[in-house]
Number of protein chains: 2
Amino acid sequence: MLGNVRGRKSSREKILDAAAELVAEIGAGRLTLDAVAERAGLSKGGLLYNFPSKDALLQAMIQRMIDQVSDAKESLRAQMAPGPNLEARLVATTLLNMCCGGKMQEVATGLMVASAENPRLLDPVRGVISATLEQVKANSDDLDAALLGWLAVEGLSNLEMHNLSPFSDQDRERIVQAINRLLTKGIAK
Amino acid sequence: MLGNVRGRKSSREKILDAAAELVAEIGAGRLTLDAVAERAGLSKGGLLYNFPSKDALLQAMIQRMIDQVSDAKESLRAQMAPGPNLEARLVATTLLNMCCGGKMQEVATGLMVASAENPRLLDPVRGVISATLEQVKANSDDLDAALLGWLAVEGLSNLEMHNLSPFSDQDRERIVQAINRLLTKGIAK
DNA sequence: ATTTATATACCGACTGGACGGTTTAGTTGC
DNA sequence: GCAACTAAACCGTCCAGTCGGTATATAAAT
């Protein structure tokens with residue numbers, strides 16, 4: 001099946017890149033097949049040859065996003081300072097990096113949007129989150145702190161995703177520090 | 001302008017109710033004027049007489065949501081137990097109540113979605129959040145804990161909004177307790 | 001070697017339906 | 001007589017998905 005030959009990047013990849021860019025630029029609500037095709041440098045027919053429906057394209061985008069996050073997490077694992085609540089700190093750091101770094105957050109927003117039109121699209125995400133919870137539960141010295149730290153990161157990234165964050169860079173830095181303190185020291189008795 | 005007469009619920013209210021229901025049922029991405037009009041029990045003409053455009057309707061929905069949250073918060077204020085980080089605890093409790101209670105969360109999701117098509121729609125929300133941050137900053141004994149508690153609540157509600165929460169009722173209860181402990185006791189030294 | 005067949009990857013005009021909004025002509029209740 | 005509609009046709013646009021066709025490569029048959 002994988003007829004991916006020669007040095008050239010596969011059309012699938014080009015299409016997924018184009019779609020991600022467009023989602024970041026105009027939002028998934030406005031994402032059209034024509035626009036994706038044009039950006040990817042092929043025709044709509046060619047696009048639909050690679051992804052038989054818009055839904056299939058969105059699914060592939062979500063899956064690729066999940067894989068990217070999971071890769072980032074695993075490559076971070078080696079460099080993490082040892083200490084308590086390791087798994088939660090790993091999750092937190094990964095999310096905080098991705099969120100403020102690239103345009104990941106805009107793409108993510110867009111896909112959330114898409115999910116509102118077809119909630120099934122988020123099924124794989126649900127799986128990842130459940131698995132993460134298992135991991136965190138199994139690898140935390142202070143579960144309360146681990147969960148709160150994780151949730152705080154979720155909260156912050158969500159605000160940033162929707163461009164709703166009221167925090168200055170200073171504020172954000174302070175919050176990140178506080179999250180790390182919470183994860184390493186725990187809640188006061 | 002406000003020709004709101006007699007005992008009958010104003011058309012505006014009926015329309016906003018219908019729209020909120022529909023958003024919760026099918027998502028804002030699929031919200032159509034025809035559907036809202038039918039659900040509200042009037043004609044499309046009547047709907048557009050009350051809200052001259054779909055955008056105006058969405059704006060009004062968001063404003064009403066903001067007002068509802070703000071009302072809930074103020075009516076809670078009287079009953080809050082005194083103690084540290086009062087404002088943050090107030091915000092947290094309000095959000096946690098609304099989130100698990102009604103279908104608020106689905107409506108909220110829907111409006112997030114709408115915002116992806118027209119980001120300006122969230123401007124008033126941005127305002128509320130900034131104001132909340134001011135209030136929290138001005139009324140917290142332990143700002144780090146206050147911010148983390150708030151963010152954790154945001155994170156939890158966001159997960160629940162998207163039906164992405166992996167937490168059991170037990171988990172959730174534990175988390176709510178932990179948030180309260182964080183807000184009253186602070187982060188460990 | 002040449003024809004024939006088959007598969008892959010793609011093009012792009014077109015269709016059909018959905019949807020926001022307009023318009024028009026009429027109705028009801030204060 | 002005006003505000004608040006109803007009812008229904010209509011317009012323009014957007015857009016997912018269809019479909020017949022094309023180019024290239026590889027393989028099979030003659």
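Just so it is clear: chains get the letters A, B, ... in the order the sequence lines come, proteins before strands, and each one is counted from 1.
- B:D169 CG: 12 or fewer foreign heavy atoms inside a 6.0 Å radius.
- Checked by atom type, the side-chain pair B:Q63/B:Q59 shows no donor-acceptor distance below 3.5 Å.
- Five base pairs at each end of the helix from C:dA1-D:dT30 to C:dC30-D:dG1 define two local axes, and these are offset by 20° (rounded to 10°).
- Around atom CD of A:E38, no more than 12 heavy atoms belonging to other residues, nucleotides or ligands sit under 6.0 Å away.
- When hydrophobic clusters are built by joining Ile, Leu, Val, Met, Phe, Trp and Tyr residues whose side-chain heavy atoms come closer than 4.5 Å, directly or via intermediates, B:L76 is not grouped with B:M65.
- Contact annotation for B:L47: no contact, since no heavy-atom pair falls under 4.0 Å across all strands.
- Between the P atom of C:dC11 and the CD atom of A:E38 lies a distance of 12 Å, rounded to the nearest Å.
- Shown here is A:K185, whose NZ atom has no more than 12 heavy atoms of other residues, nucleotides or ligands within 6.0 Å.
- By the side chain to side chain contact (heavy atoms under 4.5 Å, CB included) test, B:A60 is found to be paired with B:R12, B:L16, B:F51, residues two or more places apart in sequence or in another chain being considered.
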From CA spacing to verdict: salt bridge (Lys or Arg N to Asp or Glu O under 4.0 Å), A:R64, A:D17: CA-CA 10 Å; A:R64 200 175 65 155; A:D17 289 344; 2.9 Å; yes
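- For the OP1/OP2 pair of D:dA4 and a distance below 4.0 Å, the side-chain nitrogens and oxygens of B:S11 include no atom meeting the criterion.
- Distance, B:L42 CG to D:dA4 P: 13 Å, rounded to whole Å.
- Between A:L33 and B:G46, it is B:G46 whose nearest contact on DNA chain D lies nearer the 5' terminus.
- Looking only at atom types and distance, the side chain of A:S168 has a donor-acceptor partner in the side chain of A:D171 under 3.5 Å away.
- Here A:L48 lies in heavy-atom contact (under 4.0 Å) with a base.
- Counting only heavy atoms from C-beta outward, the side chains of A:L96 and A:L156 approach each other to under 4.5 Å.
- A:R30 has its CZ atom 13 Å from the C1' atom of D:dT13, to the nearest Å.
- Across D:dC5, C:dG20, D:dA16, the shortest atom-to-atom separation from the side chain of B:D34 is found for C:dG20.
- Between B:N50 and D:dC5 there is a side-chain polar atom (N or O) within less than 4.0 angstrom of OP1 or OP2.
- When distances are taken from the side chain of B:Y49 to each of D:dC5, C:dC10, D:dT6, the shortest belongs to D:dC5.
- For D:dA8, the OP1/OP2 oxygens have no side-chain nitrogen or oxygen of B:S43 closer than 4.0 Å.
- Less than 4.0 Å separates DNA chain D from no heavy atom of any residue of residues 51-61 of chain B.
- For B:K44 against D:dA8, a side-chain-to-base donor-acceptor contact under 3.5 Å is absent.
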